[in-house]
Amino acid sequence: MAARGLRLVGQSFGTLLRAKRTPVRTCGQFMCTATQQQNTPAQNSEEEKSKNQNEQSPDAYAAEKAQLEDQLKDMTDKYKRALADTENLRQRSKKLVEDAKLYGIQGFCKDLLEVADVLEKATESVPKEEIKDDNPHLKNLYEGLVMTEVQMQKVFKKHGVTKLNPVNAKFDPYEHEALFHAPMEGKEPGTVALVTKVGYKLHERTLRPALVGVVKGA
């Protein structure tokens, strides 16, 4: 019995010694290990993704490059079209402003044409043989009418209004209005033989066409 008890005590003492030799992990070591285990899959995923991007096939790279080039070409074309549209709009606006400056007085000039016609008829209706020094009133009146007509034509010319009196000129449908056609010896067909009412132009625009008679071919 005594020997058996000594053996049990010896076995217990050996077991205790072996337990002391076994290393014990601290709390910090367990946390570090757990962190490494958690970080390892995420790091591997990022590395694999980066590796896949770096190992992109040449065909995929070429396709992406072609797509970007098409987008650049499309944007460049839209930009050029926008520039062209803007330039056209600027030119049209400029033309409208210039036309407004040139032809803004068109309505006023048309109203004055009747006044010019009256003055012209008045001077033509005065008998030239009656204009004598012994008839000063008629003479002064005639000279006043002539001076007024001349001054009005100067004002017309200053603002770009010119008279159309196309006798013997080629008939122009944009500037003349034919009242009749008649054959006439010594005149070329298609020319203006008679002007019954003069016309007027404002710069390059016809204010009123001249009323004319045109020579007709035989």
Checklist entry - Mind checking what makes salt bridge (charged side-chain N to carboxylate O under 4.0 Å, His left out) contact with Asp133, not counting sequence neighbours? => result Lys139

Checklist entry - Do Val198 and Glu120 pass the side chain to side chain contact (heavy atoms under 4.5 Å, CB included) test, and can you show the C-alpha distance, the side-chain angles, and the key distance before you say yes or no? => result CA-CA 10 Å; Val198 297; Glu120 184 177 3; 4.0 Å; yes

Next on the checklist: Taking the side chain as everything from C-beta on, heavy atoms only, tell me whether Pro209 gets closer than 4.5 Å to Glu175.
Outcome noted: no

Next on the checklist: For Asp70, give me all partners under salt bridge (charged side-chain N to carboxylate O under 4.0 Å, His left out), at least two apart in sequence or on another chain.
Outcome noted: none

Checklist entry - Do Leu138 and Asn135 come close enough that some side-chain heavy atom pair is under 4.5 Å? => result yes

Checklist entry - Taking atom NZ of Lys132 and atom NZ of Lys128, what is their separation to the nearest 0.5 Å? => result 14.0 Å

Checklist entry - Same cluster for Val214 and Leu194 if Ile/Leu/Val/Met/Phe/Trp/Tyr side chains link at under 4.5 Å? => result no

Distance-only check: which donor-acceptor pairs under 3.5 Å involve side-chain atoms of residues 95-115, not counting sequence neighbours?
residue	atom	partner	partner atom	Å
Lys95	NZ	Asp99	OD1	3.1
Lys95	NZ	Asp99	OD2	2.9
Gln106	OE1	Arg205	NH1	3.0

Per-pair distances, 0.1 Å, donor-acceptor, side chain in residues 146-166, under 3.5 Å, sequence neighbours excluded:
residue	atom	partner	partner atom	Å
Thr148	OG1	Gly144	O	2.8
Glu149	OE1	Thr123	OG1	3.4
Gln153	NE2	Tyr200	OH	3.3

Checklist entry - How about Glu204: does its CD atom have over 12 heavy atoms from other parts shown lying under 6.0 Å from it? => result no

Checklist entry - How would you list all residue pairs meeting side-chain hydrogen bond (donor to acceptor under 3.5 Å, both in side chains) that involve residues 185-198, not counting sequence neighbours? => result Asn168-Lys187

Checklist entry - Would you call Asn140 and Glu143 a side-chain contact if the rule is heavy atoms closer than 4.5 Å? => result yes

Next on the checklist: Test of understanding: with side-chain contact (heavy atoms from CB on, under 4.5 Å), list the residues that count as partners of Thr76, not counting sequence neighbours.
Outcome noted: Leu72, Lys80

Item to check | Partners meeting side-chain hydrogen bond (donor to acceptor under 3.5 Å, both in side chains) with Gln67 (sequence neighbours left out) | outcome: none

Checklist entry - Asp117: what forms a salt bridge (charged side-chain N to carboxylate O under 4.0 Å, His left out) with it, not counting sequence neighbours? => result Arg208

Checklist entry - Residues two or more places apart in sequence or in another chain: which of them pass salt bridge (charged side-chain N to carboxylate O under 4.0 Å, His left out) with Arg92? => result none

Checklist outcome for this item: Residues passing the side-chain hydrogen bond (donor to acceptor under 3.5 Å, both in side chains) test with Asn88, sequence neighbours excluded, are none

Checklist entry - Should Asp77 and Arg81 count as an ion pair when the cut-off is N to O under 4.0 Å? => result yes

Next on the checklist: Quick check: closest heavy atoms across Lys216 and Pro189, and the distance to 0.1 Å?
Outcome noted: C-CB, 4.3 Å

Item to check | Atom of Val167, atom of Ala193 and distance for their closest heavy-atom approach | outcome: CG1-O, 4.4 Å

Checklist entry - What's the verdict on side chain to side chain contact (heavy atoms under 4.5 Å, CB included) for Leu119 and Leu145, showing C-alpha distance, side-chain angles and the deciding distance? => result CA-CA 7 Å; Leu119 287 173; Leu145 291 174; 4.1 Å; yes

Checklist outcome for this item: Residues at least two apart in sequence or cross-chain that pass side-chain contact (heavy atoms from CB on, under 4.5 Å) with Glu69, listed by chain then number, are Lys65

Checklist entry - How would you list all residue pairs meeting ring pair (Phe, Tyr, Trp, His ring centres under 6.0 Å) that involve residues 172-199, not counting sequence neighbours? => result Phe171-His176

